[in-house]
Amino acid sequence: MGKNIVEKILEAHLLKGRCVPGEEIEIRVDQTLIHDATGTMAMLEFEALGLETIKPRPSVVYVDHNTQQIGFENSDDHIYLQSAAQRFGAIYSRAGNGICHQVHLERFGIPGTVLLGADSHTPTAGGLGQLGIGAGGLDVAVAMGIGSYRLQCPRVYLVRLSGRLAPWSAAKDVVLKLLSILSTRGNVGVVLEYGGEGVKSLSVPERATIANMGAEMGVTSSIFPSDENTLRFLKAQGRESQWRELFADQDARYDRIIELDLSEVEPMVALPHSPGNVRRIEEVEGLEVDQVCIGSCTNSSYKDLMTAAAILKGRTVHPRVSLAVAPGSRQVLLMLAENGALSDLVRAGARIKECACTFCIGNELSPKSGGVSVRTSNRNFEGRSGTKDAKVFLTSVEAAASAAITGKLTDPRRLGIPYPHIQEPDAYLVDDSMFILPRPEGERGELVKGPNIGEPPKNEPMPESLGAEVVIKLGDNITTDHITPAGQRLKYRSNIAKYSEFVFENVDATFSRRCLENKRRGLHNLIVAGFSYGQGSSREHAAICPMYLGVKAVIAKSFERIHASNLVNFGIVPLIFEDQGAYDKITTGQKLLCRDFRESIEAGKTVVLEDPGTGFVLKCTYELSETQREILLEGGLLNWIRRRKA
Ligand code: MIC
Ligand code: SF4
């Protein structure tokens, strides 16, 4: 039986286990990436584990998220990261160099290798035929130290592309179309592999856009073959020697096949407040728009911004609209500056932001109250923009630029101008001067830590029994943005006590206080939720802060992959309702006891909780490997590793 691309890469990297879907495997990690929102904690954890040298090379530390620098905290984090990169052996990508995923694609990604990143959009690398996997900071810290990562061997779906995109339909529309098929949940443990004739018509940056938003479907990764287009891209980046061909065998097996004819893909839009809430733009055209933001790791490549510039050239942004453009990398910005496209954008009235995540993480450019914002990014969760009642619509660059001109949500086909066919250049402008290379072995510098930088919090081993209160009952699709908001709170990522004050602040601002009160009284805390708890980002803070607040378990109808691992890493048990109907019988404030909590997890048995007031019995299961159960018993991965080292 032939092999698909995912099997080929996993088998070539397999260290432990068997490549059988659902089984736990350990794979070699070739490269890692972290950034200034996840990386400070990851480096602190690396230190706390007593690790000294980063094994995967290159490992890159990017400064791209927290570039606001209001107050000293962000700058202190940057300097700490620079000193840690130098000391432990990572490349440091300085602020202004660009968004990790875009820059990594341009300068570091290698087909057929494995990249582990402390960011959920690490699978962007799949555009290049690299298997990019997003994980929590602690998992990446461990991978930096030992060069490997444990995961559940995935199932592989083939997305077979045929035809080619019509003018005004873009790669973003392809992935939005797929989101309308696969939705944002129910895809845990799946990798999407792209194939078919249609692949040939897509450039590497277009493929990267598609791979990027696999994260919104909750898949483990997305990957394209490495073919002549991949070679052309690497050659244009001056990295031709790193190319290798990578295809699935003719008779490769897949768990599911999804057929998609590119020529039938129309301009799409994701409506508030979910990337899965997809329509054809035609259906919602005409809605007045207040803001347009072009950029993010989904759509900020050379072609993306050249397309925006070509559409805006000689026109002026509509009076109602504020247009912001954040280039994905310094390479993209420099090329636009040199070929004059930057002037076209500026003349049209675009506000040029720095090469960073900026608006995407709610760090700036929050829309007006109740405002309508059209964005080329990947997430439109409620409140993520920084304005709780804003309505964020996700589109292609083509549609976003059209909205900037007309002031309305517009099907770009109706703009009435010829489609600007932008070609990828034969040579990108390569300037690596903003990377700082690690010091030679033996010349280790000092770590520099500002006053906001704490230590990773410690946790106790799992208690024998659970005596808990349900502190919050939530619905379906709770995102990590709900749990630990980013935006203006990002600067507390390396100060857990402070960051914990803001857990669920946009859902129930009393959450943190109530948790701490229970903790003081010796009561454990429980979170109850519906389907797909922990959607979205890889931020492990959505587990660390609840751990700090005394949360011992989350009971949900289902969990998303990265968040479930993060909960385990910090000693919080992800419990699943055995009978989903029981969810309706739980109320906030309810007390639930389990006398043999520890023993149940240790033995792999159902966890049975009881309400002492009413006698109501709740049975919970879990999907945990033996190692994960051991980690939980120790109170988290840091304790587990320390114990094993001892
Ligand atoms: C995001 O898009 O939500 C982030 C910010 O990039 C996160 C990482 C983080 O929260 O630090 C992600 O996607 O993992
Ligand atoms: Fe940055 Fe947004 Fe991409 Fe996250 S999704 S890495 S915040 S650009």
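One-based numbering, in listed order, for ligands and for the atoms of each. For clarity, every value in this text was computed on a predicted model and none was experimentally measured.
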J.: Without hydrogens or angle criteria, can the side chains of Arg375 and Ser373 be said to hold a donor-acceptor pair below 3.5 Å?
T.: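 On atom types as modelled, these side chains qualify, holding a pair under 3.5 Å.
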J.: Name the closest protein heavy atom to atom 13 (O) of ligand 1, giving the residue it belongs to and the distance to 0.1 Å.
T.: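 Nearest protein contact, heavy atoms only, for atom 13 (O) of ligand 1 is Ser120 OG, 2.6 Å.
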J.: Would you check the N or O atoms of Arg379, main chain and side chain alike, for any that come under 3.5 Å of an N or O of ligand 1?
T.: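 Yes, at least one N or O pair falls under 3.5 Å.
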J.: Among all protein non-hydrogen atoms, which one is nearest to atom 12 (C) of ligand 1, and what is the separation to 0.1 Å?
T.: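 Minimum-distance protein heavy atom for atom 12 (C) of ligand 1 reads Ser537 CB, 3.2 Å.
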J.: Taking 4.0 angstrom as the limit, do Lys449 and Glu47 come out as a salt bridge?
T.: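 A salt bridge links Lys449 with Glu47.
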J.: Could you tell me whether the side chain of Val63 reaches within less than 4.5 Å of the side chain of Ser93, counting heavy atoms only?
T.: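 The answer is no, as the side chains (C-beta and beyond) never meet within the 4.5 Å cut-off.
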J.: List every atom of ligand 1 that sits less than 4.0 Å from any heavy atom of His35, numbering the atoms from 1 in the order shown and giving each element.
T.: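 Going through ligand 1 atom by atom, the ones under 4.0 Å from His35 are 8 (C), 11 (O).
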J.: Please tell me whether His104 and Gln31 have a donor and an acceptor in their side chains that are separated by less than 3.5 angstrom.
T.: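 Yes, a side-chain donor-acceptor pair sits under 3.5 Å.
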J.: As an exercise, identify every atom of ligand 2 less than 4.0 angstrom from a heavy atom of His101.
T.: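 Reading through ligand 2 atom by atom, the close ones are 6 (S).
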J.: Counting from 1, what ligand 1 atoms have a heavy atom of Thr38 closer than 4.0 Å?
T.: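 That gives atoms 8 (C), 9 (C), 11 (O) of ligand 1.
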J.: May I ask you to decide whether Arg330 forms a salt bridge with Asp431, counting only side-chain N to carboxylate O separations under 4.0 Å?
T.: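 Salt bridge present between Arg330 and Asp431.
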J.: Any idea which protein heavy atom is nearest atom 9 (C) of ligand 1, and the distance to it?
T.: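 Going by distance alone, atom 9 (C) of ligand 1 is nearest to Arg493 NH1, 3.4 Å.
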J.: Salt bridge between Lys303 and Glu206, side-chain N to carboxylate O under 4.0 Å?
T.: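 Yes, Lys303 and Glu206 are salt-bridged.
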J.: Report the C-alpha distance between Arg493 and Glu540 in whole Å, list the side-chain angles of each, state the deciding distance to 0.1 Å, and finish with yes or no for salt bridge (charged side-chain N to carboxylate O under 4.0 Å, His left out).
T.: CA-CA 10 Å; Arg493 283 286 175 96; Glu540 60 183 356; over 6 Å; no
J.: Just by distance, no angles: are the side chains of Thr298 and Asn378 close enough, under 3.5 Å, to form a donor-acceptor pair?
T.: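 Asn378 and Thr298 do have a side-chain donor-acceptor pair below 3.5 Å.
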J.: Which of the numbered atoms in ligand 1 are under 4.0 angstrom from any heavy atom belonging to Asp119?
T.: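 Answer for ligand 1: 4 (C), 6 (O), 7 (C), 8 (C), 12 (C), 13 (O), 14 (O).
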J.: Does the N or O separation between Arg539 and ligand 1 drop below 3.5 Å for any pair?
T.: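 Yes - when backbone and side-chain N and O of Arg539 are compared with those of ligand 1, one distance drops under 3.5 Å.
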J.: Provide the protein N, O or S atoms situated under 2.8 Å from atom 2 (Fe) of ligand 2; waters are not included.
T.: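 You should have found Cys360 SG.
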J.: Got Thr484 and Phe504 here, is their nearest side-chain heavy-atom distance under 4.5 Å?
T.: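 Not touching, per the 4.5 Å side-chain cut-off.
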J.: Output yes when Asp481 and Arg539 qualify as a salt bridge under the 4.0 Å nitrogen-oxygen rule, no when they do not.
T.: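 Counted as a salt bridge, because a side-chain N and a carboxylate O are separated by less than 4.0 Å.
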J.: List the steps and the verdict of salt bridge (charged side-chain N to carboxylate O under 4.0 Å, His left out) for Asp432 and Arg107.
T.: CA-CA 8 Å; Asp432 289 338; Arg107 305 305 308 142; 2.9 Å; yes
J.: His101 and Asn212: side-chain donor and acceptor closer than 3.5 Å?
T.: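 No, no side-chain donor-acceptor pair sits under 3.5 Å.
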J.: Please state which part of His541 comes within less than 4.0 Å of ligand 1, counting heavy atoms only: side chain, backbone, both or neither.
T.: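 Contact part for His541 vs ligand 1: neither.
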J.: List ligand 1 atoms under 4.0 Å from Ser538, heavy atoms only on the residue side.
T.: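 What qualifies from ligand 1 is 12 (C), 14 (O).
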J.: Looking at non-hydrogen atoms alone, which of Glu540, Arg384, His121, His65 comes nearest to atom 2 (O) of ligand 1?
T.: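 Looking at heavy atoms only, Arg384 sits closest to atom 2 (O) of ligand 1.
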